[in-house]
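So the structure is just underneath, and the comments pick up after that.
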2 protein chains.
Amino acid sequence: MTSTDQTPTRRRRSDSTKAAILDAARERFIAEGYEGATIRAIAADAHIDPAMVMRYFGSKEKLFALAASYDLRLPDFTAIPRDELGESIVRHLLGLWESDRTLVALLRTAVSSEEAAAARMREIWAEQVLAGLGRLFGEDTARAEKRAGLVVTQLLGIVLCRYVLRLPPVAALEPEEFVAWMGPTVQRYLTAEEP
Amino acid sequence: MTSTDQTPTRRRRSDSTKAAILDAARERFIAEGYEGATIRAIAADAHIDPAMVMRYFGSKEKLFALAASYDLRLPDFTAIPRDELGESIVRHLLGLWESDRTLVALLRTAVSSEEAAAARMREIWAEQVLAGLGRLFGEDTARAEKRAGLVVTQLLGIVLCRYVLRLPPVAALEPEEFVAWMGPTVQRYLTAEEP
DNA sequence: ACCCCGGGTCAACGGCTGTTGACGTAGGAT
DNA sequence: ATCCTACGTCAACAGCCGTTGACCCGGGGT
């Protein structure tokens, strides 16, 4: 019971190092995916020894789990006029992705068949997207699932083509162009009758 | 000038081995991506020595280039009624992807930041999709590029969610459901006026 | 003053990778 | 029957990787 233990969230000297490692890890995972990003490279970026990464995070997988935690911060859809849902969602997410590329890291890793990352990806879209959209459809969860699935194909298609593959015509679009084009698509997937 | 040289395409004894290697390579690349698929594993699948892979294909990259060569076999769009373009394209590609997962291998590799594969991916969509759609827009290549880009976000989004991430609601859809839902989307991206 | 402990470094391990060159060996042409 | 060529194997290389344990140092508690 020393004085340093008075508060369990006492700032430690190592906190800044930990943060530096996490920052470097995010960048590397984004740029090179899970397998491509090496602990040695991450440690070099953070100007410390690779062994420190292991000391603080235990393993590469645990480091990734912390670096790739992700919150879509979806708004409350029930507060949005029903006929503006599509535009709102596209605008919100595009704004998020333009400044925060964590989702790109997650996608890269999920696609290179790291099963843990693929499962995490499914979690995000199940828990956050489905949970967010669920309210819109009341009891009809089957319908909510299908509609959420349709929406996700368009949204992840954007992430893939714009941020990962960097297809020139897609990378050149202005954010508001996505809103104008994909907003109606998302709107239709959410609110149209079954075809 | 022996009798075996009478024809330059003479079948060699090694042809079946080469084919076995290519088959195994395709499967491994599809299942595990470029970096995840090892030459040793591919060779084991083909029941031969890893050195044979090098002898016949020179390097892992060249093997991948051959295994991942891909032809979308797009139909002639000018022969399709203009208001059925979206449905035709979606139906055609979905039929292709349901039976041939080569594109999935390519996507996996492109996403795990193997620059050669990403470039090949851009080539496919530039040369095949753009070339196919180009005729529809006459001289207006800028417009053709943008429209092709929009279409690709939806189509690759399907590939990603259904075959790579295997999001349950998307994997559960029937092919004709994609046609019914995404057909109009593609149709709009191709033929709608600028928003 | 001493001691102790957390932050940090260093070298090494075992395992995996793509790639190589030397070494057999079977099978068709002569 | 012989010879040559193409098919195939084997062992090893050099270079990465994640991970580990021994070691060093400096600053705060007693």
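Letters A, B, ... mirror the listed sequences (proteins, then strands); counts begin at 1. Worth knowing before you read on, the calculation uses all heavy atoms, side chains too, and leaves out hydrogens, waters and symmetry mates.
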Check: Is the number of heavy atoms from other residues, nucleotides or ligands under 6.0 Å of Glu177(A) CD greater than 12?
Finding: yes
What's the [atom1]-[atom2] distance between [X] and [N], to the nearest Å?
X	N	atom1	atom2	result
Lys18(B)	dG8(D)	NZ	P	11 Å
Met54(B)	dG21(C)	CE	C1'	13 Å
Leu63(A)	dG18(D)	CG	C1'	12 Å
Glu35(A)	dC17(D)	CD	C1'	11 Å
Tyr56(A)	dT19(D)	OH	P	17 Å
Arg28(B)	dG18(C)	CZ	C1'	16 Å
Ile42(A)	dG18(D)	CD1	C1'	11 Å
Phe57(B)	dT20(C)	CZ	P	16 Å

Item checked: Among dT17(C), dT19(C), dC17(D), the one nearest Thr38(A) by side-chain distance -> dC17(D)
Notebook entry, point to check: Ignoring hydrogens and geometry, is there a side-chain-to-backbone donor-acceptor pair from Thr109(B) to Tyr34(B) under 3.5 Å?
Noted result: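 Checking the backbone N and O of Tyr34(B) against the side chain of Thr109(B), a donor-acceptor pair under 3.5 Å is found.
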Next item on the list: Using a heavy-atom cut-off of under 4.0 Å over every strand shown, decide if Ala37(B) touches base, sugar-phosphate, or nothing.
Entry: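 Sugar-phosphate contact only - Ala37(B) comes under 4.0 Å of backbone atoms but never of a base.
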Next item on the list: Please list all pairs passing the salt bridge (Lys or Arg N to Asp or Glu O under 4.0 Å) test where one or both residues lie in residues 118-127 of chain B, with sequence neighbours left out.
Entry: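 Residue pairs passing salt bridge (Lys or Arg N to Asp or Glu O under 4.0 Å), neighbours aside: Glu115(B)-Arg122(B).
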Margin query: I'd like to check the side chain to side chain contact (heavy atoms under 4.5 Å, CB included) partners of Ala192(A); sequence neighbours left out, ordered by chain and number.
Written below: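 Expected list: Arg188(A), Trp181(B).
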Side-chain donor-acceptor pairs under 3.5 Å in residues 45-52 of chain B, sequence neighbours left out?
| residue | atom | partner | partner atom | Å |
| --- | --- | --- | --- | --- |
| Asp45(B) | OD1 | Arg28(B) | NH2 | 3.3 |
| Asp45(B) | OD2 | Arg28(B) | NE | 2.7 |
| Asp45(B) | OD2 | Arg28(B) | NH2 | 3.4 |
| His47(B) | ND1 | Asp45(B) | O | 3.4 |
| Asp49(B) | OD1 | Ala51(B) | N | 2.8 |

Next item on the list: Output every pair passing side-chain hydrogen bond (donor to acceptor under 3.5 Å, both in side chains) with a member in residues 147-175 of chain A, not counting sequence neighbours, ordered by first then second residue.
Entry: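 Sorted result for residues 147-175 of chain A: Glu98(A)-Arg162(A), Glu98(A)-Tyr163(A), Arg147(A)-Glu194(A), Thr153(A)-Gln154(B), Gln154(A)-Thr153(B), Gln154(A)-Tyr189(B).
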Check: Which pairs pass side-chain hydrogen bond (donor to acceptor under 3.5 Å, both in side chains) with one or both residues in residues 60-72 of chain B, sequence neighbours excluded?
Finding: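 Non-adjacent pairs meeting side-chain hydrogen bond (donor to acceptor under 3.5 Å, both in side chains): zero.
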Show me the protein contacts with nucleotides 9-15 of chain D, counting only N or O atoms at under 3.5 Å.
| residue | atom | partner | partner atom | Å |
| --- | --- | --- | --- | --- |
| dT9(D) | OP2 | Asp49(B) | N | 2.9 |

Check: Thr17(B) side chain N/O closer than 4.0 Å to the phosphate oxygens (OP1, OP2) of dG8(D)?
Finding: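 Affirmative; the distance criterion is met.
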